[in-house]
Amino acid sequence: MQKITVAKGDGIGPEIMNATLEILKAANARVEFEEIAVGEKVYLSGNTSGIEKSSWDSIRTNKVFLKAPITTPQGGGYKSLNVTMRKTLGLYSNVRPCKSFHPFVSTKHPDMDVVIIRENEEDLYAGIEHQQTDEVVQCLKLITRPGCEKIIRYAFEYAKLYHRKRVSCFTKDNIMKHTDGLFHRVFKEIAAEYPDIESDNWIVDIGAARLADTPEMFDVVVMPNLYGDIVSDITAQISGSVGLAGTANIGEGCAMFEAIHGSAPDIAGQNIANPSGLLRAAVLMLNHIGQQDVAELINNAWSCTIEDGIHTKDIYKEGVSSKLVGTDGFTAAVIERLGQKPKTLDTASFSKDVQLNIKPYERRAKAKKVLKGVDVFVDWKGEKADELAARLQKLNNELRLTMITNRGVKVWPEGFEETFCTDHWRCRYEIENGHPASGASIPDILSNALKEELDVIKTENLYEFDGERGYSLGQGQ
Ligand code: NAD
């Protein structure tokens with residue numbers, strides 16, 4: 001018996017979790033459930049994280065968590081519990097298989113069978129945001145080498161284990177050369193370690209467009225967090241319905257399984273919710289804990305139910321479906337079919353070998369890091385960049401003012417008057433003689449700025465790593 005932690009969540013959560021647990025029990029899954037409370041009630045009781053300490057203890061002890069959707073109360077600064085869970089428990093990999101169930105569930109893509117692997121901890125989801133001036137706010141996009149290596153290795157190992165032919169990478173490294181550029185570079189490095197698996201890279205916009213149009217072109221697709229969040233919902237939707245997909249959040253120690261949809265408060269308590277997303281997440285969970293026999297039994301019974309046209313309202317279609325059922329009717333139909341095999345849809349056959357062989361991250365030798373200058377960000381309400389430059393040049397020491405940009409576009413020297421400017425100016429100081437800049441030159445510039453009554457809001461040091469520029473140029477520079 002394996003103990004797993006379960007949370008019934010909010011909205012339709014309790015209905016679909018009860019349905020899922022009923023099916024797991026009927027299929028003789030060798031699991032015991034330990035229930036914890038997370039979500040709206042916990043938030044509203046004054047706990048802004050949405051989860052009690054004792055619940056963390058349960059998840060960390062049992063290491064496997066089946067979670068129903070929760071409602072994050074609007075306003076009040078409540079942090080998303082899902083994001084907190086993924087990051088706190090190190091669930092770096094979000095795996096979402098998206099397959100169509102043609103001809104039983106309507107889809108324009110009868111042959112699609114794609115697995116989206118989304119990086120789950122980094123990128124803009126670091127949640128580091130600041131307002132810096134009256135007009136400008138920023139969100140920090142953090143991409144790390146260990147983060148890229150872990151998720152990309154995971155994608156290739158997944159492809160190897162499940163006999164997938166190709167891994168595609170989606171990034172926007174034509175624009176974000178350093179952040180997405182790192183993801184792409186690591187993808188190329190790791191792809192070279194798997195010569196038997198095809199690999200290709202797509203700029204995310206055209207990649208997503210092709211995926212939405214011709215999903216049969218893709219097999220396993222790996223991408224950073226934000227693109228993965230968006231693309232995986234689109235992929236699930238075009239496979240038939242977001243209501244059908246389950247997702248696995250996998251870390252080195254713990255794993256969390258959930259439906260991809262939310263708590264659907266609009267239909268809560270009406271016995272019409274489709275429990276399939278959570279049930280299919282439970283199938284992923286059974287695979288993860290080595291109960292492939294039970295996973296197959298449930299998956300086949302579910303496929304038979306879908307094939308027999310016994311459908312909940314969200315996927316019911318005149319002419320295709322034979323019977324409209326509620327959550328409880330659907331649950332009973334799945335239980336009735338335990339032991340049967342589908343006739344048209346694939347019969348489930350899950351490998352016992354589910355251990356992915358992810359090499360631990362090894363930090364590389366330290367690079368030669370050389371300070372070349374500093375970007376000083378200034379809140380300034382003036383309009384003419386020349387005026388600002390004149391004041392900034394008074395701060396020069398061994399570093400010289402070389403450029404001012406506004407929203408990344410060069411406005412000095414030789415800016416265009418057509419360029420729209422806000423009150424947020426990035427002022428670049430660089431070493432002139434090519435030698436490394438001394439550490440003292442930056443505080444020196446800042447103390448001069450204070451004397452000049454310039455409102456400095458932040459600085460970013462400019463480094464070279466092993467002779468390579470570690471910062472972007474200004475647009476138009
Ligand atoms: P939603 O996924 O809850 O609902 C979108 C639409 O799909 C609704 O019309 C809903 O009725 C329908 N739907 C969703 N699941 C269904 C199911 N199983 N069966 C039938 N119909 C279903 O998205 P939303 O309305 O944007 O969000 C509602 C709440 O869910 C919000 O508080 C949001 O923060 C939360 N949410 C939670 C999670 C999670 O816990 N993992 C994920 C997404 C959203």
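Numbering of ligands and ligand atoms starts at 1, following listing order.
Taking the side chain as every heavy atom from C-beta outward, Ile16 and Ile12 approach each other to under 4.5 Å. Ile298 places a side-chain heavy atom less than 4.5 Å from the side chain of Ile23.
For Ile70, a nitrogen or oxygen atom sits less than 3.5 Å from a nitrogen or oxygen atom of ligand 1, counting backbone and side chain alike. Taking distance alone, with nitrogen or oxygen atoms compared against 3.5 Å, Gly262 approaches ligand 1 more closely than that limit.
Which parts of ligand 1 touch Glu258 is read off a 4.0 Å heavy-atom cut-off, strictly below it: atoms 41 (N). Listed by atom number, the atoms of ligand 1 under 4.0 Å from Asp314 heavy atoms are 20 (C). In the vicinity of Ala273, heavy-atom distances shorter than 4.0 Å reach the ligand 1 atoms 19 (N).
For atom 13 (N) of ligand 1, the closest non-hydrogen atom of the protein is Ala264 CB, 4.0 Å. Ranking the protein heavy atoms by distance from atom 30 (O) of ligand 1 puts Ser263 N, 3.0 Å first.
Using 4.0 Å as the threshold, Gly243 has no heavy atom nearer than that to any atom of ligand 1. Within the structure, ligand 1 lacks Gly277 among the residues with a heavy atom less than 4.0 angstrom away. Proximity of Gln74 to ligand 1 is not established, as no heavy-atom distance is less than 4.0 Å.
Remark: Lys458 NZ is packed, more than 12 non-hydrogen atoms of other residues, nucleotides or ligands lying under 6.0 Å away.
With a heavy-atom cut-off of 4.0 Å, Asn274 touches ligand 1 through backbone and side chain alike.
Checked against a 6.0 Å centroid threshold, the rings of Tyr158 and Tyr162 count as neighbours.
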